[in-house]
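Each chain gets a letter, A, B and so on, in the order its sequence line appears, and its residues count up from 1. Model, not experiment: these values are computed from the prediction.
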2 protein chains.
Amino acid sequence: MPRRPGPGPRRPTIADIAQRAGVSKGSVSYALNGNPGLSEPTRRRILAIAEEVGWQPNRAARALSASRSGACGLALARPARTLAYEPFFSKLLSGIEAELSSNQIALVLQIVEDVGAEAEALRRWWAERRVDGVLLVDLRVDDPRVAVVQELDLPTVVVGGPGATHGLPFFPGNDAGGVRQIVDHLVGLGHTRIDRVAGSTAFASTQVRTREFRQALARSGARGRTISTDYTSAAGAEATRRFLTRAPVPTAIVYDSDIMAVAGLSTAQEMGVAVPGELAVVSFDDSILCEVVRPSLTACARDVEAYGARAARALVAVIEGEQVAFGDEEPSSLVCRGSTVA
Amino acid sequence: MPRRPGPGPRRPTIADIAQRAGVSKGSVSYALNGNPGLSEPTRRRILAIAEEVGWQPNRAARALSASRSGACGLALARPARTLAYEPFFSKLLSGIEAELSSNQIALVLQIVEDVGAEAEALRRWWAERRVDGVLLVDLRVDDPRVAVVQELDLPTVVVGGPGATHGLPFFPGNDAGGVRQIVDHLVGLGHTRIDRVAGSTAFASTQVRTREFRQALARSGARGRTISTDYTSAAGAEATRRFLTRAPVPTAIVYDSDIMAVAGLSTAQEMGVAVPGELAVVSFDDSILCEVVRPSLTACARDVEAYGARAARALVAVIEGEQVAFGDEEPSSLVCRGSTVA
DNA sequence: TGCGCGTACTTTACCGGTAAAGCGATCAGC
DNA sequence: GCTGATCGCTTTACCGGTAAAGTACGCGCA
């Protein structure tokens, strides 16, 4: 790689500061890091000059010296098409980013096609010392990424879980609690036939929801079926059609994502099924989508940004070598809208 | 910063390879970079060992030596709340990321509150040598970021424009062409009263659209008003109500974003205005939202991922010191759906 | 025989930080 | 008056790459 310092203004280094202050590089480093061993006047003089010239540490130099990159990685194993439509990721990203940048840590993002590619990205980041730690989202059943981070001893926090975490610190979403809230709400309204359009069974979170859904129904004496999908609106519409045309016809359908819920709502309306009169519709994830359609959709809301921030904070702690307790389940609250109550 | 090499497996360095190959560090560097001055057998031996141990260059070391970080920055000056609801950003991000990672360049992302904070982030990145170049999105009228990148001589490509770019290379969206397509479509359907719910006037793109909207109307003999908003669904609903209750009542409304269009659609329906019977609705940005509502929304579609990739490619070229031609306007096509034609 | 020159390396310095070790000067203690 | 600790700073080495400069050796040729 050729040297290309560029013609722009020069960035000050500690050597520049040292020269201006009439001391050595080492003294400047001590002053800037607050290490003892310098007289107060000298320290103040150095800091004043550093401030004046607007010195900022060269990240590469610091990273090289400290064997720390000052960055965390987030590889999203999601086809772009899916990513784009899920406000969840944007919010999560934003929460993570806010927390990391308040710690002066950069976020390195990579969007890849599948978990295999994500595992490769993790290995490369590790080998290049690009990141000090990583966040794993959307844990799969038998996820190959878990083995990779354990083999490399790469500081990791799982966003999601439990299940398949193999001892990694994790922050469960609101899967179990959310399902309970939704079922309780519907049962409270008198529904006894509640079907569910689920996401992919490959996700650990889907399995948690499915188990909890079955238990919640059993507890309350209601009954219902589950169809697993790929989260697309087409699949949501198709599953809705299936439920509504095959006995026993449900009086409520729960969807694992907002996109599918909206698609289901449209499908029901096209089939002449009145919502909420004949059919109650609930989305698991809340979003603006749920608000703008008519009727608006009852959904299970959580503070996704805070969730991302909590996970990022835990990752920082793990990188610092602290023992991190596994997180409690994310609190959520059911937002009741027109799709379940008139 | 204390040394924390961690207990995990050791990453191989060129010194390790040199030792195993029985040559000096310098020779290894030559071999790995394909520099001349090594015999074929030696070169092959070194490369074989590097391959075997899975060597990857330490990014920090390379960055320090080459005065290049191997990363590009994208600071999004958007409140998280707005960001989350716009599929545009997710897609753009994904296109940018794909292009950069195929060039082994990392994307450093920062989400900040406003352009002032973004300008600060640019300065910090520059001072820390965190990034080799940046992408600017959502250019504002009189944008402070432009002055900063010019002062620092930071390689930059503007995603959007023209207007306010002050000589920076830019890639205009489909603002002018999109507006023309929409107006032509509506005029072709016989509409002569076309109102528009615009985004914020602070954005250069809004100004381009507003100018073009006026001209397109004038050319075709139609008339219409424009209300500027903050892109929220509430503002979209409110503007719709205003248009529909004040003469001259429009027969078509164009919205600058999908969220506002959906909000407008719901508002019109609640007011008892039939869509598309009494009112045609068009969204400027296409997205899954436009597809799932009923009636589905006519919108102006473009390949946002390709757009992001093109801009990223241009940024890489700028960083390499190449002269980059300003981009042509992004092609777009009108997707006609139920909200304008029955 | 010796000079020049290309080949195939090695040595060295450098990027900009961090941190251990070194080193005069001052000062307390016996 | 000498020892030894402490202070306040400098020197040095190191992180892992890159690249210029240096060197040993073989070979052609006058």
Side-chain angles (χ1 to χ4, degrees), chain A residues 1-6 10-47 50 53-70 104 126-130 132, chain B residues 1-6 10-47 50 53-70 104 126-130 132:
Chain A
M1 225 183 274
R3 298 272 168 86
R4 270 202 352 97
R10 240 179 67 78
R11 297 139 173 122
T13 69
I14 55 169
D16 299 328
I17 298 175
Q19 193 182 5
R20 287 199 42 182
V23 295
S24 70
K25 268 176 61 181
S27 299
V28 176
S29 177
Y30 279 11
L32 293 169
N33 291 297
N35 287 12
L38 282 186
S39 68
E40 250 337 284
T42 309
R43 178 185 306 277
R44 269 205 293 272
R45 186 158 43 93
I46 292 172
L47 290 178
V53 301
W55 178 85
Q56 293 283 109
N58 178 322
R59 305 299 299 218
R62 188 169 264 185
L64 183 58
S65 176
S67 297
R68 284 252 222 145
S69 69
Q104 306 268 50
W126 172 83
E128 294 179 345
R129 294 167 175 74
R130 262 265 193 228
D132 298 325
Chain B
M1 226 184 273
R3 296 273 168 88
R4 270 203 352 99
R10 241 180 66 78
R11 297 141 175 122
T13 70
I14 55 170
D16 299 328
I17 298 175
Q19 195 183 3
R20 287 199 43 180
V23 295
S24 70
K25 268 175 63 180
S27 299
V28 176
S29 177
Y30 279 11
L32 293 169
N33 292 297
N35 286 14
L38 281 187
S39 67
E40 246 343 279
T42 308
R43 177 185 306 277
R44 269 204 294 271
R45 187 158 42 94
I46 292 172
L47 290 179
V53 300
W55 178 85
Q56 292 283 110
N58 179 321
R59 305 299 299 219
R62 187 168 266 183
L64 182 57
S65 176
S67 296
R68 285 253 221 142
S69 70
Q104 307 268 51
W126 172 85
E128 294 180 344
R129 292 168 176 74
R130 262 263 193 230
D132 298 324

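- One interatomic measurement links the two molecules: CD1 of A:Ile14 to C1' of C:dC15, which rounds to 12 Å at whole-angstrom precision.
- Summarising the geometry of A:Ala63 relative to A:Ser69, their closest heavy-atom pair is CB-CA, 3.9 Å, with the distance given to 0.1 Å.
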Check nucleotides 7-11 of chain C for protein N or O atoms closer than 3.5 Å to its own N or O atoms and list the pairs.
| residue | atom | partner | partner atom | Å |
| --- | --- | --- | --- | --- |
| C:dC9 | OP1 | B:Thr42 | OG1 | 3.3 |
| C:dC9 | OP2 | B:Ser39 | N | 3.0 |
| C:dC9 | OP2 | B:Ser39 | OG | 2.4 |
| C:dC9 | OP2 | B:Thr42 | OG1 | 2.8 |
| C:dT10 | OP2 | B:Ser24 | N | 2.8 |
| C:dT10 | OP2 | B:Ser24 | OG | 2.8 |
| C:dT10 | OP2 | B:Ser27 | OG | 2.7 |

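- Applying the 4.0 Å criterion to OP1 and OP2 of C:dG17, one finds that A:Trp55 has a side-chain N or O inside that range.
- When every heavy atom of A:Ile46 is checked against every heavy atom of A:Ala21, the shortest pair comes out as CG1-CB, 4.1 Å.
- Atom-to-atom, CG of A:Asn58 to P of C:dT18 comes out at 10 Å; the value is rounded to the nearest Å.
- Taken from CZ in B:Arg59 to CG in A:Leu64, the straight-line distance is 13.5 Å, to the nearest 0.5 Å.
- Taking the C1' atoms of five terminal pairs at each end of the helix from C:dT1-D:dA30 to C:dC30-D:dG1, the two resulting helix axes are inclined by 80°, rounded to 10°.
- Note on B:Arg62: a side-chain N or O is less than 4.0 Å away from OP1 or OP2 of D:dT18.
- In this structure, B:Thr13 reaches the sugar-phosphate backbone alone: every heavy-atom distance under 4.0 Å involves primed, P, OP1 or OP2 atoms, never a base.
- The phosphate of C:dC14 (OP1 or OP2) has no side-chain N or O of B:Ser65 nearer than 4.0 angstrom.
- Using a 4.0 Å cut-off, some side-chain N or O of B:Asn33 falls inside it from OP1 or OP2 of D:dT18.
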* Take A:Asp16 and A:Val53 through the side-chain contact (heavy atoms from CB on, under 4.5 Å) test and state the conclusion after the steps. => CA-CA 9 Å; A:Asp16 299 328; A:Val53 301; over 6 Å; no

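- With sequence neighbours left out, A:Arg129 forms a salt bridge (charged side-chain N to carboxylate O under 4.0 Å, His left out) with no residue at all.
- Distance, B:Arg59 CZ to D:dG17 C1': 12 Å, rounded to whole Å.
- Taking atom CZ on A:Arg11 and atom C1' on C:dG16, their separation rounds to 13 Å, with Å as the unit.
- The salt bridge (charged side-chain N to carboxylate O under 4.0 Å, His left out) test applied to B:Arg43 returns B:Glu40, not counting sequence neighbours.
- Minimum heavy-atom separation, B:Ala60 to B:Asn58: N-OD1, 2.9 Å.
- Put simply, CZ on A:Arg68 is 15 Å from C1' on C:dG17, counting in whole angstrom units.
- In this entry the distance linking CG of B:Asn35 with C1' of D:dA19 reads 8 Å, nearest Å.
- Within the structure, salt bridge (Lys or Arg N to Asp or Glu O under 4.0 Å) pairs that include any residue of residues 25-36 of chain B do not occur (at least two apart or interchain).
- Scanning for side-chain hydrogen bond (donor to acceptor under 3.5 Å, both in side chains) contacts around A:Gln56 gives an empty result, with sequence neighbours left out.
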